[in-house]
Amino acid sequence: MAAQAQPGSGPRVPLSKERVLRAAVNLADESGIESVTMRRLADELGAEAMSLYYHVANKEDVLDGIADAVAREINQAVDQAGEPSDAANWKTAMRRRILAARQVLLRHRWAPGLFETRTTTSPAIIRHFDALVGLMRDGGFSFDLAHHALHALGSRALGFSQELFDPGDGPGDVTAAPADMASQFPHLAAMLTEIAHDDPASTLGWCDDQTEFEFGLDLILNGLDSLRQTP
């Protein structure tokens, strides 16, 4: 089946895999990743649902494709933010590249969750990590220390912090009434009465705002720098 044009929409733009994936990214940005279905995509493109299968195998193929699209967008962003590295400025270069990756994910807030569900790793993601190892090698890291560094950075290398748990789930629900929280979890309750995130728009997890992200990133980079200089 050929793609159909919407009445009065002008000349029909032929379907392609790139156009399908671009529509899927836009749909996820607007309505969340759960809104990305083959039928909804077809509606967005003004096409018959069956015509999509000439370009993508199924929904999983779409999800793999948009994960790769975001990864490629990350590489474009970090390439622009990167700078030549050496022992003196490797940390600045790493920080800029990782924070540039984070800005991409703040535009696509569904992407961290999608990355976690993929069974294969996009070559664009591998390229990102390869570049980070290159920066560390230029900065004087051994391969052993660079390997430890990637494990320490974890998801932060891609610009987000993977939460250990969602406080709204399970029997340890920290959204309980304040009095109950104070009696069950006195230290957490005391902490939560004092902390607040000034910029909720910079949050990718329930407690992953820009300040917390940069704090953790700097803690790791400073620690790695100390190890790098240890004979």
Side-chain angles (χ1 to χ4, degrees), residues 66-118 120-166 191-192 194-231:
I66 62 176
D68 183 65
V70 172
R72 285 185 279 110
E73 189 177 339
I74 286 173
N75 281 329
Q76 292 170 0
V78 300
D79 284 347
Q80 294 172 1
E83 59 186 45
S85 180
D86 55 32
N89 66 16
W90 73 271
K91 186 166 61 173
T92 298
M94 288 273 288
R95 192 178 194 277
R96 287 183 179 176
R97 289 173 73 87
I98 289 172
L99 292 180
R102 182 175 176 81
Q103 290 306 306
V104 173
L105 297 188
L106 286 170
R107 294 196 293 271
H108 308 298
R109 294 175 178 274
W110 44 269
L114 180 61
F115 286 154
E116 293 172 9
T117 66
R118 299 302 87 203
T120 58
T121 303
S122 161
I125 292 288
I126 297 173
R127 179 187 166 217
H128 174 68
F129 280 98
D130 182 73
L132 293 180
V133 172
L135 286 174
M136 288 186 281
R137 289 289 289 168
D138 288 345
F141 280 62
S142 66
F143 280 121
D144 183 61
L145 183 55
H147 173 243
H148 287 309
L150 291 183
H151 280 289
L153 285 164
S155 66
R156 276 192 177 86
L158 286 169
F160 70 99
S161 299
Q162 187 171 7
E163 302 291 356
L164 291 176
F165 63 93
D166 182 339
M191 181 181 70
L192 292 174
E194 292 190 13
I195 63 171
H197 294 308
D198 297 329
D199 185 11
S202 71
T203 297
L204 281 169
W206 73 273
C207 195
D208 173 25
D209 77 337
Q210 192 71 18
T211 300
E212 303 299 343
F213 181 83
E214 292 188 29
F215 176 84
L217 177 61
D218 289 338
L219 197 66
I220 294 169
L221 293 179
N222 289 336
L224 291 171
D225 197 34
S226 177
L227 290 173
R228 179 184 66 88
Q229 298 178 56
T230 301

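Bear in mind the structure is a predicted one, so any value in this text is a computation, not a measurement. Values reported hereafter were calculated over all heavy atoms of this structure, with side chains retained and with hydrogens, waters and symmetry mates removed.
With rounding to the nearest 0.5 Å, the separation of CE in M94 from CG in D138 is 11.5 Å. For the atom pair R156 CZ and I220 CD1, the distance stands at 4.5 Å (nearest 0.5 Å).
In terms of heavy-atom proximity, I74 sits nearest to A101 at CG2-CB, 3.7 Å. The two atoms that bring L135 and W90 nearest to each other are O-CB, 3.8 Å, heavy atoms only. The shortest non-hydrogen separation linking V133 to A146 is CG1-CB, 4.4 Å. Counting all heavy atoms, side chain and backbone alike, H128 lies closest to A157 at NE2-O, 2.7 Å. Annotation for P112 and L204: closest pair CG-CD2, 4.5 Å, computed over non-hydrogen atoms. For the residue pair S202 and Q210, the shortest heavy atom distance occurs at OG-N, 2.9 Å.
The backbone N or O of F160 sits less than 3.5 Å from a side-chain atom of S155, completing a donor-acceptor pair. With hydrogens and angles disregarded, a donor-acceptor distance shorter than 3.5 Å links the side chain of R137 to the backbone of F141. Side chain of T230 to main chain of S226: a donor-acceptor pair is present (N/O by atom type, distance under 3.5 Å, no hydrogens or angles).
Using a 4.5 Å heavy-atom cutoff, the side chains of R127 and V78 are not in contact. Between R107 and V104, some side-chain heavy-atom pair lies under the 4.5 Å cut-off. Within the 4.5 Å cutoff, the side chain of L227 has no heavy atoms near those of the H148 side chain. Side-chain atoms of L153 and L158, non-hydrogen and from C-beta on, never get closer than 4.5 Å to each other. For the pair E214/R95, a side-chain contact is recorded, criterion being any heavy-atom separation below 4.5 Å from C-beta on. Side-chain contact check for L114 versus V70: every heavy-atom pair is 4.5 Å or farther apart.
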From CA spacing to verdict: side-chain contact (heavy atoms from CB on, under 4.5 Å), F215, D209: CA-CA 10 Å; F215 176 84; D209 77 337; over 6 Å; no
Intermediate values then yes/no, salt bridge (Lys or Arg N to Asp or Glu O under 4.0 Å), D225 and R228: CA-CA 5 Å; D225 197 34; R228 179 184 66 88; 2.8 Å; yes
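Using a 4.0 Å cut-off between charged nitrogen and carboxylate oxygen, R118 and D68 do not count as a salt-bridge pair.
Partner of R96 under the side-chain contact (heavy atoms from CB on, under 4.5 Å) criterion, out of T92, L99, I98: T92 alone.
More than 12 heavy atoms of other residues, nucleotides or ligands shown are found within 6.0 angstrom of CZ on F129.
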